[in-house]
Each structure stands twice: as C-alpha cells, then as structure tokens.
2 protein chains.
Amino acid sequence: MTTAIRGIETDFERGIHISEKTIARMRWYLFALDEFAKEDMSVVASREIADKVGVKSGLVRKDLCHFGGFGRPSVGYNIAYLQKKIKEILRINQVKNVAWVGAQRLADEPALIEKFADSNCEIEAVFDKDSTKLGMRIGNLQVLGIGEVEAVVQNLGIEAAVIATPSEDAQEVADRLTAGGVKAILNLTPVVLVVPPGVAVRNVDLASELMMLSYYCGGNGGVNGLAHA
Amino acid sequence: MTTAIRGIETDFERGIHISEKTIARMRWYLFALDEFAKEDMSVVASREIADKVGVKSGLVRKDLCHFGGFGRPSVGYNIAYLQKKIKEILRINQVKNVAWVGAQRLADEPALIEKFADSNCEIEAVFDKDSTKLGMRIGNLQVLGIGEVEAVVQNLGIEAAVIATPSEDAQEVADRLTAGGVKAILNLTPVVLVVPPGVAVRNVDLASELMMLSYYCGGNGGVNGLAHA
DNA sequence: TAGATTGTTAATCGATTAACAATC
DNA sequence: TAGATTGTTAATCGATTAACAATC
C-alpha cells in the first residue's frame, strides 16, 4: 500500500493480514525471477513476471506492494534485489525448527530428513502414538510419545510440524501441536483438519488431489489451482 | 440454486462454473460424511457437517445446492444418499484414463500405479523425453517418447495426466498434453505451469509447500489453506 | 400445531481488474 | 522532453455470510 521510505510502514510490517493467495503467488514470482536470472537478465517489468506465471501485471504489482516498493517507475524490478526480498518475506533462508509426528513414514523414507533440510526445515523432534516405537532412533533423534508434544514443542520453540500419522490420530495431533504453539502444519494425511484461527495448514495428499482432479476430467471447466500451492 | 425436480436444472447441469473452492469443500464434506457414517448415523444437518470441517452451515447448504436439493427441511441430509451423490459429482467411481510423463519417478516408486488405481485412475500410457528410456517396461506399459504425447492422448481418450519430469521439461509437457486435449493435470514438479483456460492444474510438491509454510511460521496470521486444496 | 432445518435471496466482505497520476 | 512502468486508487467481480420464507 505505502512505500517503506522514512518509517512509513508496509501492510506487512503493520501486521495487516495478507491473503494466502498472495503468499502463494509470491512463491510463483520467485520461481519466475529464478527463470529470468538464468537468462542473465538483471531487471524485469511486472508484465514479464505476470506473463511467466499466468496472471495480470497489476496483480503482480499489487501483491509486491503489500511488502514494499521494490520497483522503479519506467525501469522495473531489479531481479537480484527482488529475489532477496521475497526470500526474506517467505523466510526461506531462516532455519525453521520442525516437529514430525508419525515415525513410520520417516523410518520408511529417511531421505525426507535431507529434503526438509534443503528447505531449511530442521526436524528437531519426532513423535509417535504407538508405544512400541518409543525410543526408536530416527537419524539422531529418539521417538517421543505424543503425550509430550505440547511440552517439547514449547521448550524447543518449534513453529512448524508435519502430521504423518494414521488418519484417525491426525486431528488429536493437530490439537496438541496448536496447544503447544505451532503456527504452521503440513498435513500429509487425507484428513480435513480443524485448527484455531491464526494457524496455517497445507495439505499434501495424493489421493485427495486425485479426487479433485477427477471432477475436472470430464471438462467441468476449471482453471489453474494452487495447491494450492 | 434450483432443485432438480421436474426438469429444472441445477447450476452444475447447466454448466455454470463452480468455483474450485466449492469443489475442494465437496471433498471435505465427503470426508465428514464418511466419519458420520462410521458412527452409524444415517442423517446429518448442514450444521454438523459444517462443524466437522470448520466452515459455516450456510456455506455447506449453498455449496450442495449448486448440484441439487439433496436435503429435507427439518430433517437434514441422508448420509448414504449424499455420499453417493458427491461421489457421482466428483466422478470418484468412474475409471479415469491417465497419462504419466517422466518414467523415472514411476520406475522408482512402482507402488504409485496401485495408489492411482485405488482412486480409479488407470495409467494407460507412460512417456519420457530421454531416448534411452524408450521402450523400457513399467508395469505392462512401454515407455513412449514425448513427441507422441498429443497423438496417443487423443487416441486413447486420456483426460488427465501426471507431470513428473525434470523441472525444465514440465511446461513443454503441459503444452503437449493440453494440445492433446487433457483437461486435468497433476503437477509433481515445483514448476508454475501456465495452461489454457478450462484446464485444471493441481500441484503436489513438498518443497513448494514448505516454502509457503515457512512464511506462516513466524506467526503471520494464516488460516486454513487447502492445497489445497 | 410448533419446532427444526432446508434452499435461496439480499447484504457484506474480500480479491481482482482497470485506470491513471507519480516517477524515473 | 517523451516514453515507460511503477504504486495506488476506484470500479468490478466473485465468494461468504446473514437472514428468512418454504417445507417437513
């Protein structure tokens, strides 16, 4: 809304709510910038970013404006600078402490630990409801019982969590996580979680997505859908 | 909008566009109905469905009304009947012919073939750009070159496709698929695809989701997000 | 009949688009 | 200066909520 010059705060800095759709597009814009950077460009217009991701140029400018005035009239946006700014906004370079609930999935697919680390998400605790899994080692972590979720999450300052439990436990786990102060949940189950306001949930579940695609197969005119995204 | 009695068509039947958010919630409602069915209930009120998935009851009724008048005043919705109807709407019980592009992922994780079959998605063709993979067998299918995508997709009447290629090939593949008439794409790459109007894209990518969650970690007040929806 | 809950309309809210003055 | 593109406002569009008459 306003530029960040001389102490005038942006919407973002004022804590004004920014829609999830805008945040999803910020990721798209970053993707576009990476593409332009590969082509050795140093400056782009909102129009070029817009075309690359399939939105209108005014929307690109409006989205970016929530976070500050990053461009220069008649010139455009400096790619390296805007990349840096979007990464800051999305906290991409900050290390995030993550809890993982549902040890089996991580035991089956230990490569996930590195995949998370690639995104600066460090798995700091693993929990499981199944008492036979207690104490089991995953990487250099010991599996804890889900009764400890609230306390451990609070003590370690964990802000995000992954739910990879059997479906029937997912909602209980979400309740415990949010009680412990978790603000962001990645839900790998098909369960529709209900969480308090202010907590973000992202769902990643193949079967659920297939269900939605199925509707569009017949040609029920759908357009781009973020997972999302 | 209107009931389906005596030839009066629903929004759905008239081909009026129904928002992606509504379709996502239809899946949620089905989830809730499955839960209620487990508890041996036979009838529910919109209010109960709403509470189970975290929306307002009026929205549940409005969403359902796009597809027909499934409830009875002062009674509610018959669970078995509504389950059946939503499954019809989402085409869940219909077999969908699916193309898969990017053979490596399927070779690495052959269990995906059955996972898709569980959702009535039959993988009818596999394509790859890498000529060294041509003719390779996956299940009972032979890998075809991506030059054949348009023709094969058309001939087999394929309506949906999965893109699991290296990032740099994803947009080209999307272009070929849509040229061949594909109306629904499941995108397993982090690429932001641009597709013609009327084509649905669902993204399933862990790194992209972590990027979005990262924003909400600090407590930038987010609410429920579908990947999702 | 009295009470409950649907289907649907009208009011509100939020997000996108169009347009343009300000700026480089 | 003339031309281009931003940041931002006002207009439009669409989705949610509130409310209620119709129905069981």
Side-chain angles (χ1 to χ4, degrees), chain A residues 1-5 8-12 16-26 28-29 43-51 53-79 81-82 85 197 221-226, chain B residues 1-5 8-12 16-26 28-29 41 43-51 53-79 81-82 85 197 221-226 229:
Chain A
M1 204 61 95
T2 54
T3 59
I5 298 162
I8 301 169
E9 287 184 326
T10 61
D11 288 355
F12 180 57
I16 290 173
H17 175 84
I18 291 164
S19 82
E20 186 173 339
K21 295 190 115 184
T22 294
I23 302 306
R25 285 190 300 262
M26 292 300 282
W28 298 4
Y29 303 155
V43 171
V44 273
S46 57
R47 181 61 192 270
E48 296 172 283
I49 298 175
D51 288 345
V53 302
V55 302
K56 295 275 166 69
S57 67
L59 188 56
V60 173
R61 294 197 299 278
K62 194 162 219 295
D63 283 337
L64 293 175
C65 257
H66 285 119
F67 301 96
F70 302 130
R72 285 209 304 171
S74 115
V75 177
Y77 298 87
N78 179 294
I79 291 176
Y81 179 69
L82 189 53
K85 281 301 179 182
V223 201
N224 237 314
L226 171 72
Chain B
M1 205 61 95
T2 54
T3 60
I5 296 161
I8 302 168
E9 288 184 327
T10 60
D11 288 355
F12 180 57
I16 290 172
H17 176 83
I18 291 162
S19 82
E20 186 172 341
K21 293 191 119 182
T22 293
I23 302 305
R25 285 190 301 261
M26 293 300 284
W28 298 3
Y29 304 154
M41 295 168 62
V43 171
V44 273
S46 57
R47 181 60 192 270
E48 297 172 282
I49 298 174
D51 289 345
V53 303
V55 302
K56 295 273 165 69
S57 66
L59 188 55
V60 173
R61 295 198 297 281
K62 193 162 222 291
D63 283 338
L64 293 175
C65 258
H66 285 119
F67 301 96
F70 302 129
R72 285 209 304 171
S74 116
V75 178
Y77 298 88
N78 178 294
I79 290 175
Y81 179 70
L82 190 53
K85 282 300 180 183
V223 202
N224 236 315
L226 174 68

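Residue numbers start from 1 in every chain, and the chains themselves are labelled A, B, ... in the order their sequence lines are given, proteins ahead of strands. No experiment lies behind these values; they were computed from the predicted model shown.
- In this structure, B:Tyr77 reaches the C:dG7 phosphate: one of its side-chain N or O atoms is under 4.0 Å from OP1 or OP2.
- Rounded to an integer number of Å, the gap from CD of A:Glu20 to P of C:dG14 is 15 Å.
- Rounded to the nearest 0.5 Å, atoms CD1 (B:Ile49) and CD1 (B:Ile79) are 7.5 Å apart.
- Rounded to whole Å, atom P of D:dA15 lies 10 Å from atom CG of B:Asp63.
- Distance check, rounded to the nearest 0.5 Å: NZ of B:Lys56 to CZ of B:Arg61 gives 12.0 Å.
- Rounded to whole Å, the distance from NE2 on B:His66 to P on D:dT16 is 9 Å.
- Note that the CH2 atom of B:Trp28 and the OG1 atom of B:Thr22 stand 11.0 Å from one another [nearest 0.5 Å].
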Dump every N/O contact between nucleotides 21-24 of chain D and the protein below 3.5 Å, one line per pair.
from: D:dC24; atom 1: O2; to: B:Ser74; atom 2: OG; distance (Å): 2.8

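- Listed here is the closest heavy atom pair of A:Tyr81 and A:Phe70: CE2-CD2, 4.0 Å.
- Looking at heavy-atom distances under 4.0 Å, A:Ser46 makes contact with sugar-phosphate atoms alone, never a base.
- Atom pair A:Leu64:CG and D:dT5:C1' shows a separation of 13 Å (rounding to whole Å applied).
- Counting to the nearest Å, the P atom of C:dT6 and the OH atom of B:Tyr81 are 15 Å from each other.
- Distance NE2/A:His17 to NE2/A:His66: 10.0 Å, rounded to 0.5 Å.
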Where each pair must be Watson-Crick or G-U wobble with both distances under 3.5 Å, what dot-bracket representation of DNA chain C is obtained, with crossing pairs in [ ] and other-strand partners as |? ..||||||||||||||||||||||
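- For the atom pair A:Lys85 NZ and A:Leu64 CG, the distance stands at 12.5 Å (nearest 0.5 Å).
- Regarding B:Asn78, its CG atom lies at a distance of 13 Å from the P atom of C:dT6, rounded to whole Å.
- Spacing between atom CD1 of A:Ile18 and atom P of C:dG14 amounts to 14 Å, rounded to whole angstrom units.
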Anything under 3.5 Å between a protein N or O and an N or O of nucleotides 17-19 of chain C, put it in a table, one pair a line.
from: C:dA19; atom 1: N6; to: A:Arg61; atom 2: NH2; distance (Å): 3.4

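- Going from atom OG of A:Ser46 over to atom CG of A:Leu82 covers 11.0 Å, rounded to the nearest 0.5 Å.
- For D:dA4, neither phosphate oxygen OP1 nor OP2 lies less than 4.0 angstrom from any side-chain nitrogen or oxygen of A:Arg47.
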Dump the intermediate steps for side-chain contact (heavy atoms from CB on, under 4.5 Å) on B:Val53 and B:Arg25, then the final yes or no. CA-CA 9 Å; B:Val53 303; B:Arg25 285 190 301 261; over 6 Å; no
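- Between the CZ atom of A:Phe67 and the C1' atom of D:dT6 there is a distance of 18 Å, given to the nearest Å.
- Looking only at side-chain heavy atoms (C-beta outward), A:Val44 and A:Tyr29 stay at 4.5 Å or farther from each other.
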